[in-house]
Each structure stands twice: as C-alpha cells, then as structure tokens.
Amino acid sequence: MSCCFNRSVILIKMNFQIPSHHLSASVPALAVPQASDTVSLQSSILAVLESCKSPSEIKQVHALVVKTPPLQTQLVYNAIIQGLSSSLEAVAIYREMLLKGLFPNDYTLPFVLKACAQARALSEVEQVHAHAVKSGLLASNVYVSNTLMRAYAVCGLMSDVRKLFEGSPRRDVVSWTTLIQAYVKMGLQKEGVGAFFKMCEAGFAADERTLVIVLSACAKLGDLSLGRRLQAYIQENGVKRDVFVGNALVDMFLKCGDAALAHQVFKDMPVKNVVSWNSVILGLAQQGNFKEALRVFKEMQRVGVRPDDVTLVGVLNSCANLGLLDSGKWVHAYIDKHDIRADGFIGNALIDMYSKCGSIGQALNVFQGMKLRDVYSYTAIIVGLAMHGEAKWALDIFSDMSETGIEPDQVTFVGVLSACSHAGLVEEGRRHFENMSSVYGLEPQPEHYGCLVDLLGRAGLFAEAEEIIRRMPMEPDAFVWGALLGACRIYGKVELGERAMKRLLEIEPEREGAYILMSNMYSSEGKWKDAIRIRKSMKERYMKKVPGCSSIELDGKVHEFRKGDKSHPKMKEIWKFLENLASHLKSYGQEDI
DNA sequence: TTAGGGTTAG
C-alpha cells in the first residue's frame, strides 16, 4: 500500500491549520505507566486511550504523544483520530500524523471522513479523497469508499456520490444503502426507490437499515402499494423487525393514508419507544384526526411513556385545530415545568395553538418571549394577528421581520395578504403582492392570487380582480373563484357571480358552498325564482349543507355546537346571551350580523 | 478499533 503512496503530494495538498493547543503539550493529567521498551509503551498508551471517556481526555493523551516521539505510530494516531472523529479536530490530528511521516491506512480514513462529513467540510473531503485515491485505499477498501460516498452525500454532491458508487470495484449492502439514502436526503425519493430495486436485482439482500430508508422514501411519496410491497419484502426476506423498522412502517402507512394498517403495525410492535408514539400522534394530526391523536397521547401517558418535544408539538397542533385552549395551556405548563425550551418547533406550535384558540395575547407573549425566532415563528404570529383582525399589527411585525433579515416564504405572504384584505388595505396589498416576486423571488401561488382577488373584490374593484384572474400563469383554483363569488355576493353582482359559480362548480362540483352563496345572492336581489332553482338543483344532486360546527372547551369539557342543533342543555341561556350581544352590537352601529 | 436507520411547525 505505502509503496504507491506519494507523501509529497499529500503534504502539499493538506493545508489544514493545526490548532496551537495540539502542538503545545499541556501537563498530562493521566498517569501513563512507565515502560521499558517502545512496544509496551505503545500498548500502554493504547490502553489509556481506550479508557478515555471524553474528547478532552483524548487531547491530553495526544499532548503526551506530541512530546514522546516513540509513541508517534500509525496505531496510536489512528486511536486518537478515532476518539475525536466527531469533530474536525480529528482532521488536524490527521494532518499532524502525515507531517510526522506516517501513512494513513484503512482504519484512518473512515474516521477522518466521518469528522469531515459531520462538519460538512467539503474542501477537506476533497483533499482526503485525493489521499484515498493516491494511497490506493479507495480502490481496495469498501469502508473507505462508503464513508467517502457518505461524506459527499452530506455535502449535497449527488453526482460525486454516484460517480464513486459506479466506480467502486466492490459494493456491499452499505454502499447501496448509502446511495439510496443520498437520493432520499436530496428529495429524489423515486430515484432512491429505483436504486433499492436495482439493489435487489443485483442480488443483494436489504437489511433493516436499508428498509428504514426506503420506507421513509415511500412515506414521502405517499405510495401505499409500494408500501405494501415493502412490508411483504420485510416478511419474506426475514428482515429483523426492530423498533426502527416498526416506526418507519407506522409512519409510512400513516403518510400513505392507511391509518388502520399503521395502527395494526403499532399494536404488533413488541418494543415501542417515544418515537413510535410520536409517529402515531403526528400522523393522526396530519390527517386531521385530532381527537384520535389526543386519545393516543392520553394512552401514552397512561402506559407511562414520557413525552418529548416532538410529542408536544403534535399535541399542541391537535389542541390548536380543536380549539382546546385549556388542554393547550396544560401542555404549556408541562413545557415550563420540565424546562423544555420554547424556541423552535415548540415555541412556534404554542403561538399557533394560542392564536387558533382565540388567545392572541398569549400568542404574542410566547412570540415576544422567544430568544430565537425563525420564519415559522414570524409567519405563525402574522397569520394569527391577521385572523384576529389585527391587520396593522401583523404588518408591523412583517416589517420587523424584514429588518431582522429573516426571509419570508410563501406562507408568510398568505398571512400578509390576508391581513391587507381584512383591513381593506388595497394599495399595501398590491405592493406586497408585487414584492413577492420582485424583492423576495417567490412566485405567487393560487392562494396568493385568491387573497389578492379577495382584497380587490371586497373593495369593489371587480375589473382589476378579473384582470388578475385572466393574467394568472396557472389555472385559477376554487379559492380564487370562491373569493370572486364572495365579493359578488357583497356587491350584488349577479352576472359576474354566475360566471364565477360556473367555474367554481367545474372545479368542485360536489361542494355546496357555491350554491349557497349564489342562492343567497339571488334572494337578496329579490330573484326568488333563481334562488329556488339553485336550491332545487342542490337537492337533485343530493347535496346537503354540512352543518357548520364550532367547539369550545370549558373546565376540561368540550362543548360542540352545530347549525340547527338545539341539544345543548343550556341552549336557552346561550340564545338569550347571544341575542343580548347582538342588540348590544347593533347599538354600536353594526347592522348586519 | 472502521461505513448506512425512524418522528418535529406556520
């Protein structure tokens, strides 16, 4: 190996900086046994290295090695690099090793590459790549080629990963798994799955680690039939069904929309951990089955599994969507009690929960108390304020956000535009819509056009709204036509409303909203015949208005109210209160409530 | 002594 290894090339290529503390040996805190000859001295130091419990202890041994030339061997350097392979310090030691005239071997490079990959240090990866080629280790050792593939994958260089894979003289199941994972990490799920089938054709047996990655790709694709094939593969090929495979299966079935299968796999798992529970809770929440998500959370607590921050995000999301303020507050108290940092995911979920549960003040408290805010935090509070009619405030926070340098994304603009729409800020709304692409490089999506049409329509600017729809680069969706129809209803624009309804029904023939808006419009314009015609055609299509439903939580009990449902025991009092409220509002000039 | 694994928001 060493005969073809040109050290001068390496010395020129390796230009890493060695941190000074590696060169100035400090007083070693570890006692090294005195040994009479070099060999036993080396085995002593190796034993000490093996007993080291922290990187700082290893660095102390390294200081001793620097002072003791007989200890400067390939074996000792490998052991130090191995111990420090979770930081770039391993690379500095590697360079020092080369400067001492020592060669890397098939144990050195994987650890150095692991350190490079962890730090995403591409130029170091490339330099070590050169050494791997020069030394012949890349061609001869599959560990070296696999760790190198992984390092390029982490740096996002898919073409280099593929070149290495294709040029690799020997491939094993790890090489294939690394290739598949590189594709999946890069968002190329289909290519990842394709590589899995090629791997099978090539006669390799995928193991549980491979399957976990392929299952996660399948989950992202939402491809249930592929998921079933993978489950069959696991059964037929005796893949070990450990907790990782189980969790990946649960997540996959949930994301592919088969909650029953997910639940079956979950039930059959011999060992579950917090991730298993999280997958179920989050999966159910993502499907909109918030009540079931909360039921599973209660079950999790009953069996004594401690929730982590991921669990709490799922629970908060469910509370937010069910309007369960008290439960949300309970989670908040839990977070405070257990000293879980409310920055990042948790903080953003709290903002969303409070604002969806109607407590915008609390949402603002959380937002203001956060030390680290990201685009999600800003978007959550902007959307929340817009929802609560605090348009001006929402826009102020948007301008604060611009000053911090955090780039808004497409969802942020949904919040900004809907704030403008609620406050009737036509000019400002137009400007933000324009800025989306010209300043922030974001292409407006149908929902942004929907907001703009809503804004213009509410302001009575129908010609401009129609022009916007005509100029849309994509087909207008139901939100866009719905926004136009809603505005027509306000202004009694019957003809335009009919056109909007027609388009809306082409897209969503089964939705009753358009019929109801249109029939209300006919009624308020005195066109009773038309109103009756619409209602009749709804009946012919067997459409029934899905009763609107709202719920509040009081003292831990959820009260649900549906349109036309008088079953609540305190219905009389509630109606009386609402009537008082309505007359109170009318006295303030609100006529149409 | 060496390589590849699941869940997280607006």
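The chains referred to below are lettered A, B, ... by the order of the sequence lines, with proteins before strands, and numbering in each begins at 1. Just so it is clear, the model here is predicted, and its values are computed rather than measured.
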Please work out which of the three classes, parallel, tilted or perpendicular, describes the rings of His131(A) and Tyr94(A), given edges at 30° and 60°.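 Answer is tilted, since the angle falls between 30° and 60°.
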Mind calculating the distance between [atom1] ([X]) and [atom2] ([N]) to the nearest angstrom?
X         : N       : atom1 : atom2 : answer
Glu407(A) : dG10(B) : CD    : P     : 21 Å
Ile213(A) : dG5(B)  : CD1   : P     : 6 Å
Leu350(A) : dG10(B) : CG    : C1'   : 13 Å

Residues [X] and [Y] bridged, charged N to O under 4.0 Å:
X         : Y         : result
Lys198(A) : Glu201(A) : no
Arg295(A) : Glu292(A) : yes
Asp343(A) : Arg341(A) : yes

Return no unless some side-chain N or O of [X] is found under 4.0 Å from OP1 or OP2 of [N].
X         : N       : value
Gln181(A) : dA3(B)  : no
Asn317(A) : dG10(B) : yes
Lys255(A) : dT8(B)  : yes
Arg150(A) : dA3(B)  : no

Once hydrogens and angles are ignored, does a donor-acceptor distance under 3.5 Å link the base of dG10(B) to the side chain of Thr379(A)?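 Side chain to base: pair found, below 3.5 Å.
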Of the options [options], whose atoms approach the side-chain atoms of [X] most closely?
X         : options                 : answer
Thr210(A) : dT7(B), dT2(B), dG4(B)  : dG4(B)
Val275(A) : dG5(B), dT7(B), dA3(B)  : dT7(B)
Phe345(A) : dG10(B), dT2(B), dT8(B) : dT8(B)

- Item | Ring-on-base stacking dG10(B) with Tyr376(A) (under 5.5 Å, under 30°) |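 Given the distance and angle limits, no, they do not stack.
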